[in-house]
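So the structure is just underneath, and the comments pick up after that.
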Amino acid sequence: ADKLKQEKIDLIITDHHQIGKKLPEAVAIIHTTQLCGAGVAWMVVKEINPKAAKTSLDVAALGTVADMMELKGANRSLVKHGLVSLRQTDRVGLLELYQEAGVDSATIDTTTINFVIAPRLNATGRVSHGLDALRLLCTRDKNRAGELAQTLGRANQDRQLLLQEQLDHARLKLGETVRQEKILVVADEAYHQGVIGLIAGKLTEEFYRPSIVLSIKGEQAKASARSIPGFNIIEAIRQAEEFILEAGGHPMAAGFSVETGKITVFTDKLRQVAEKELDEDKLKPIVKIDCEVEAKDITLKLWEELEQLAPFGVGNPRPVLAIMGVTVAETRLVGSEGKHLKLRLKELPQTEAIGFNLGSLSPQLTPGRQVDLAFQLARNAWHGQERLELRV
């Protein structure tokens, strides 16, 4: 901002991160934490050029879902209408990306964005440079779009391998202490800056603890943090600001830099904050059930009714149903290394249940065992046949 001022270039800043103590100088700062960066930018475009805003709804929706914004109010509208644009887009880059990922454009929803499209758009920014994702969204050349889609697909595979390797390393480094600590902090020179946020997210998901992962590069370390409900991670980091160089983010995710020599004192301070603010209840993951149902209720009609509540995401999760005292008929392991669990239930012979990353429960689920099941209802269309699936 200072450099632009020297050059007498007018600067308008749009942003959605929590505001720091000192603001940069600009002609205008357009800021809210209620939208993501793409959402704020889209609102500005809408005021300046409504026609351009209409044609960029697809990318505004992508940004909103990928940045885990609560799908309420304006965000919900952006995503609801943006999904229509994504399904009908003539943006050649996205069309080529759909093809590379094996996506049927007619069925794109928030899950497709979260698990298929966004990881590819983010991948080059994590392992090399994010410009290729921007080029893909902007290009009008079909051949160039095809090349870029392949590049992003390969980068995503590289990112997945790197993430798994470094996540395994972080788990080993944390050792047996993970259940005793209220906040997980792990630092190493081996960690790639592009995946530390993903490692932190995976650790938080697995151990239900706020997690901070630091990538050490000489005298400085870059860090990424993820949190759990009830613990404002950016405020916690700012309570230790005498040890850090810069920080930005929001209650559930943040990034910052710290001098390598101060990592230990910073960690100690953060543990004190966590000790004070996190009691045992906050560290217990809870499965919230929206409704208890019986086997006879689980029909395609119920799925259709629940779909009227879409788009689903943060702040508007897909409803979680529960069925109590059902009997296991059969289990098997699926996926690479048998990570996922397939279940058949005696009371629902025509419906499969799948538990992603729940393969480790298989030995306990012997045929004839009675279980209570929490699940989300999904529909699979396969060879023209529509079937229900319980996602456990």
Side-chain angles (χ1 to χ4, degrees), residues 1-3 15 17-22 24 122-130 155 158-228 231-278:
D2 293 343
K3 179 72 176 156
D15 191 24
H17 291 99
Q18 288 202 339
I19 291 177
K21 284 180 180 172
K22 187 170 180 282
N122 279 331
T124 55
R126 294 190 186 281
V127 295
S128 55
H129 200 293
D158 294 344
R159 192 263 315 158
Q160 286 169 328
L161 291 169
L162 181 66
L163 171 62
Q164 194 54 56
E165 188 182 287
Q166 300 201 342
L167 177 60
D168 291 344
H169 183 283
R171 278 202 205 98
L172 274 173
K173 195 158 183 177
L174 286 164
E176 296 302 308
T177 63
V178 287
R179 298 292 177 194
Q180 284 89 56
E181 298 290 357
K182 289 189 173 179
I183 187 164
L184 306 180
V185 182
V186 60
D188 204 279
E189 290 172 352
Y191 300 151
H192 191 293
Q193 283 181 19
V195 296
I196 53 175
L198 298 174
I199 298 170
K202 293 280 185 188
L203 291 172
T204 294
E205 199 179 296
E206 187 175 344
F207 300 109
Y208 205 73
R209 300 280 189 277
S211 303
I212 295 179
V213 181
L214 298 105
S215 166
I216 299 170
K217 294 284 174 280
E219 299 295 304
Q220 260 192 46
K222 288 263 191 204
S224 202
R226 296 292 181 270
S227 197
I228 58 174
F231 188 74
N232 186 325
I233 195 77
I234 186 64
E235 287 306 319
I237 291 163
R238 287 193 174 137
Q239 284 188 53
E241 67 184 351
E242 69 264 36
F243 307 120
I244 60 176
L245 300 168
E246 55 180 351
H250 36 82
M252 296 297 282
F256 63 96
S257 301
V258 61
E259 284 177 33
T260 303
K262 290 183 179 172
I263 290 174
T264 306
V265 283
F266 168 77
T267 304
D268 291 343
K269 174 68 178 174
L270 220 56
R271 285 195 174 127
Q272 288 167 22
V273 175
E275 193 59 44
K276 201 167 64 186
E277 293 185 17
L278 286 170

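Source: prediction; values computed, not measured.
Contact record, Ala155 with Ala123: C-CB, 3.7 Å, taken as the closest heavy-atom pair. For Ala236 against Phe231, the heavy-atom pair with the smallest separation is CB-CZ, 3.6 Å. Pairing each heavy atom of Gln18 with each of Pro251, the nearest pair is NE2-CD, 3.7 Å. Between Ala240 and Lys269 the shortest heavy-atom distance is CB-CG, 3.4 Å. The minimum heavy-atom distance between Ile234 and Gly248, with the atom names listed, is CD1-C, 3.7 Å. Between Ile212 and Ala223, the shortest heavy-atom distance links the atoms CG2-CB, 4.2 Å.
For the atom pair Leu167 CG and Leu198 CG, the distance stands at 10.0 Å (nearest 0.5 Å). Of the inter-residue distances, the one linking Leu270 atom CG with Leu184 atom CG reads 11.0 Å to the nearest 0.5 angstrom. For the atom pair Ile216 CD1 and Ile263 CD1, the distance stands at 4.0 Å (nearest 0.5 Å). The CD1 atom of Ile237 sits 9.0 Å away from the OG atom of Ser227 when rounded to the nearest 0.5 Å. Ser211 contributes atom OG, which lies 7.5 Å from atom CD1 of Ile183 (distance to the nearest 0.5 angstrom). Taken from NZ in Lys222 to NE2 in His192, the straight-line distance is 13.5 Å, to the nearest 0.5 Å.
Listed by first then second residue, pairs satisfying salt bridge (Lys or Arg N to Asp or Glu O under 4.0 Å) with a partner in residues 181-196 read Lys173-Asp188, Glu181-Arg271, Lys182-Glu275, not counting sequence neighbours. Within the structure, ring pair (Phe, Tyr, Trp, His ring centres under 6.0 Å) contacts touching residues 237-276 (residues at least two apart or in different chains) are His16-His250, Phe256-Phe266. Residue pairs meeting the ring pair (Phe, Tyr, Trp, His ring centres under 6.0 Å) criterion with at least one member in residues 198-219, sequence neighbours excluded, do not occur. Pairs of residues two or more places apart, or lying in two chains, that qualify as salt bridge (Lys or Arg N to Asp or Glu O under 4.0 Å) and include a residue from residues 193-215 are Arg171-Glu206.
Using a 4.5 Å heavy-atom threshold, the side chains of Lys262 and Glu242 count as separate. Counting only heavy atoms from C-beta outward, the side chains of Leu203 and Val186 approach each other to under 4.5 Å.
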- Go through Ile233 and Arg226 one step at a time and tell me if the side chain to side chain contact (heavy atoms under 4.5 Å, CB included) criterion holds. CA-CA 7 Å; Ile233 195 77; Arg226 296 292 181 270; over 6 Å; no
- Message: side-chain hydrogen bond (donor to acceptor under 3.5 Å, both in side chains), that's the test. Do Gln164 and Asp168 meet it? Break it down for me.
- Response: CA-CA 6 Å; Gln164 194 54 56; Asp168 291 344; 3.0 Å; yes
- Task: Determine, step by step, whether Arg159 and Asn122 satisfy the side chain to side chain contact (heavy atoms under 4.5 Å, CB included) criterion, reporting the C-alpha distance in whole Å, the side-chain angles of both residues, the deciding distance to 0.1 Å, and the verdict.
- Result: CA-CA 10 Å; Arg159 192 263 315 158; Asn122 279 331; over 6 Å; no
- Glu277 and Gln239: CA distance, side-chain angles, deciding distance, side chain to side chain contact (heavy atoms under 4.5 Å, CB included) verdict: CA-CA 12 Å; Glu277 293 185 17; Gln239 284 188 53; 3.3 Å; yes
- Task: Check the pair Ser224 / Val213 against side chain to side chain contact (heavy atoms under 4.5 Å, CB included), numbers first and verdict last.
- Result: CA-CA 6 Å; Ser224 202; Val213 181; 5.6 Å; no
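For Glu165, there are no salt bridge (charged side-chain N to carboxylate O under 4.0 Å, His left out) partners two or more places apart in sequence or in a different chain. Listed by chain and residue number, Tyr191 satisfy the ring pair (Phe, Tyr, Trp, His ring centres under 6.0 Å) test with His169 (two or more places apart in sequence, or in another chain).
Remark: side-chain polar atoms of Thr124 are paired, donor with acceptor, to backbone N or O of His129 under 3.5 angstrom. Distance alone, capped at 3.5 Å, is enough to place a donor-acceptor pair between the Thr260 side chain and the Gln220 backbone. In this structure, the side chain of Gln166 does not engage the main chain of Ile196 through any donor-acceptor pair within 3.5 Å.
Applying the 6.0 Å contact sphere to NZ of Lys217 captures more than 12 heavy atoms from other residues, nucleotides or ligands. At most 12 non-hydrogen atoms from other residues, nucleotides or ligands lie less than 6.0 angstrom from CD of Glu219. Environment of CD in Glu176: sparse, with no more than 12 heavy atoms of neighbouring residues, nucleotides or ligands closer than 6.0 Å.
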